[in-house]
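Just so it is clear, the values below take in all heavy atoms, side chains as well, and ignore hydrogens, waters and symmetry mates. Only a predicted model underlies this, so the values are computations on that prediction, with no experimental measurement involved.
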Amino acid sequence: MAALSKSIPHNCYEIGHTWHPSCRVSFLQITGGALEESLKIYAPLYLIAAILRKRKLDYYLHKLLPEILQSASFLTANGALYMAFFCILRRGLLTIYMANLVLLFCITAAMYMFFFRCKDGLKGFTFSALRFIVGKEEIPTHSFSPEAAYAKVEQKGEQHEEKPRRMNMIGLVRKFVDSICKHGPRHRCCKHYEDNCISYCIKGFIRMFSVGYLIQCCLRIPSAFRHLFTQPSRLLSLFYNKENFQLGAFLGSFVSIYKGTSCFLRWIRNLDDELHAIIAGFLAGISMMFYKSTTISMYLASKLVETMYFKGIEAGKVPYFPHADTIIYSISTAICFQAAVMEVQTLRPSYWKFLLRLTKGKFAVMNRKVLDVFGTGASKHFQDFIPRLDPRYTTVTPELPTEFS
């Protein structure tokens, strides 16, 4: 059992910022590195989001940069302020373990898709993102009947027949796909009026697989071109990388499973019900097996809790606590950072790599051997590391590295 009530005589230089004795200099170094990495993360992310949402020129000129800087400063503060308060307080919290990833995502997806199908269930960016992913056909609308929609499709087909298509390769492929889509079973409650249920699911998979593949390729472009002249062969990894196909398979299977299950339930129950989204969303969550990401799962789960909390406030069922979301996030971050110091072995490798990237590797040079007294196995993965400390700034005579002992 961890003996967290014990104390040790070492100062923050001997434990934390072992690369420099000054707290101020160490803080500035962490801040600079975290800001650089944050900009690398958020700049392409916001740019891709703006392109997908078809933002106008005014957004790129006046809003894009402030939003990037706001998010970058948020992430920078996570790394920089942790080191600052480590020096100020030199205290910590116990760690917790991660929940089952796929099951958590299944439950989260089920609730998100239910709110998506409900009237006024989701708003803003979340609603727009889900509409882009699963398609507008799954949005509940009652402005026209299926019979009226059939008439619109037939009228549209007649208009298309008046204009002959060029019979090139693309035209032939389009004609072949149309022939498949127009012939086949489709339930009267389904709103994908131009496709049968089978082609509707296949098209959804192909579309989102392509989106996932292209997103992952775009994220790898800076790294690939960095080695353009030194290692030209690495450019091939830009297109033939396992992660590209994993993200594509994740998004594609999520959409196809959700649409397929929704169509199946409409055929079985002979109606279109918002409750179908719970079952379809839960089964679609199994797609997380193709792209296991704690970041995506935990982020969506936390946003779901936030959404349900605010809906409870609107309904008068839950009391309003000022800055509750900030407090919850702060506690969660503190727990994860505590684990990164006291029990690195309990963190997922991807999150540990992210912390190293955010701090330019400085999280790995903490003197964890002196923390073993607490019984958490802090130095389990750092047995060979002994920091080079300046005796003038230490309270305990430092242990010399192996080559000097």
I need the [X] [atom1] to [Y] [atom2] distance, nearest 0.5 Å.
| X | Y | atom1 | atom2 | answer |
| --- | --- | --- | --- | --- |
| I278 | F115 | CD1 | CZ | 9.0 Å |
| Y291 | F245 | OH | CZ | 14.0 Å |
| C263 | H276 | SG | NE2 | 11.0 Å |
| F354 | I41 | CZ | CD1 | 4.5 Å |
| I279 | S262 | CD1 | OG | 9.5 Å |
| T76 | L69 | OG1 | CG | 9.5 Å |

State plainly whether the residues [X] and [Y] are in salt-bridge range, i.e. N to O under 4.0 Å.
| X | Y | value |
| --- | --- | --- |
| E37 | K40 | yes |
| K56 | D58 | no |
| K380 | E343 | no |

Exam field: side chain [X] to backbone [Y], donor-acceptor pair closer than 3.5 Å:
| X | Y | value |
| --- | --- | --- |
| S73 | Q70 | yes |
| R117 | L275 | no |
| S26 | C23 | no |
| D372 | S379 | yes |
| Y112 | L304 | yes |

I would like to know whether V211 and M208 meet side-chain contact (heavy atoms from CB on, under 4.5 Å); could you show each step before the answer? CA-CA 5 Å; V211 170; M208 289 312 300; 4.1 Å; yes
Step by step, would you call F74 with Y42 a ring-ring contact (aromatic ring centres under 6.0 Å, His included)? CA-CA 11 Å; F74 154 76; Y42 282 110; 7.4 Å; no
For the residue pair F254 and Y258, categorise the inter-ring angle as parallel (less than 30°), tilted (30 to 60°) or perpendicular (more than 60°). parallel
[X] atom [atom1], neighbour heavy-atom count above 12 within 6.0 Å:
| X | atom1 | value |
| --- | --- | --- |
| I198 | CD1 | no |
| F264 | CZ | no |
| F310 | CZ | yes |

Would you say the side chain of [Y] lies within less than 4.5 Å of the side chain of [X], judging by non-hydrogen atoms?
| X | Y | answer |
| --- | --- | --- |
| T126 | K303 | no |
| F385 | R368 | no |
| L358 | F363 | no |
| F382 | K369 | no |
| I202 | S256 | no |
| L247 | Y213 | no |
| M113 | V134 | yes |

Report yes or no: is the cationic atom of R207 (NZ for Lys, CZ for Arg) closer than 6.0 Å to the six-membered ring centre of F132, at no more than 45° off its axis? yes
For E314 and K311, run salt bridge (charged side-chain N to carboxylate O under 4.0 Å, His left out): C-alpha distance rounded to whole Å, both residues' side-chain angles, the deciding distance at 0.1 Å, then the answer. CA-CA 5 Å; E314 292 176 1; K311 284 187 174 295; 5.1 Å; no
How close do [X] and [Y] get, heavy atom to heavy atom, and via which atoms?
| X | Y | value |
| --- | --- | --- |
| I327 | P322 | CD1-O, 4.3 Å |
| L347 | C336 | CD2-O, 4.1 Å |
| C218 | I48 | CB-CD1, 4.3 Å |
| L35 | A72 | CD1-CB, 4.4 Å |
| E138 | F116 | O-CE2, 4.0 Å |

For Y59 and E67, test the side chains for any donor-to-acceptor distance below 3.5 angstrom and give the result as yes or no. yes
Let's go through F337 and L355 carefully: what are the C-alpha distance in whole Å and the side-chain angles of both, what is the deciding distance for side-chain contact (heavy atoms from CB on, under 4.5 Å) to 0.1 Å, and is it a yes or a no? CA-CA 9 Å; F337 274 54; L355 290 179; 4.0 Å; yes
Going through the distances and angles, do F290 and S253 end up as a side-chain contact (heavy atoms from CB on, under 4.5 Å)? CA-CA 9 Å; F290 291 107; S253 60; 3.5 Å; yes
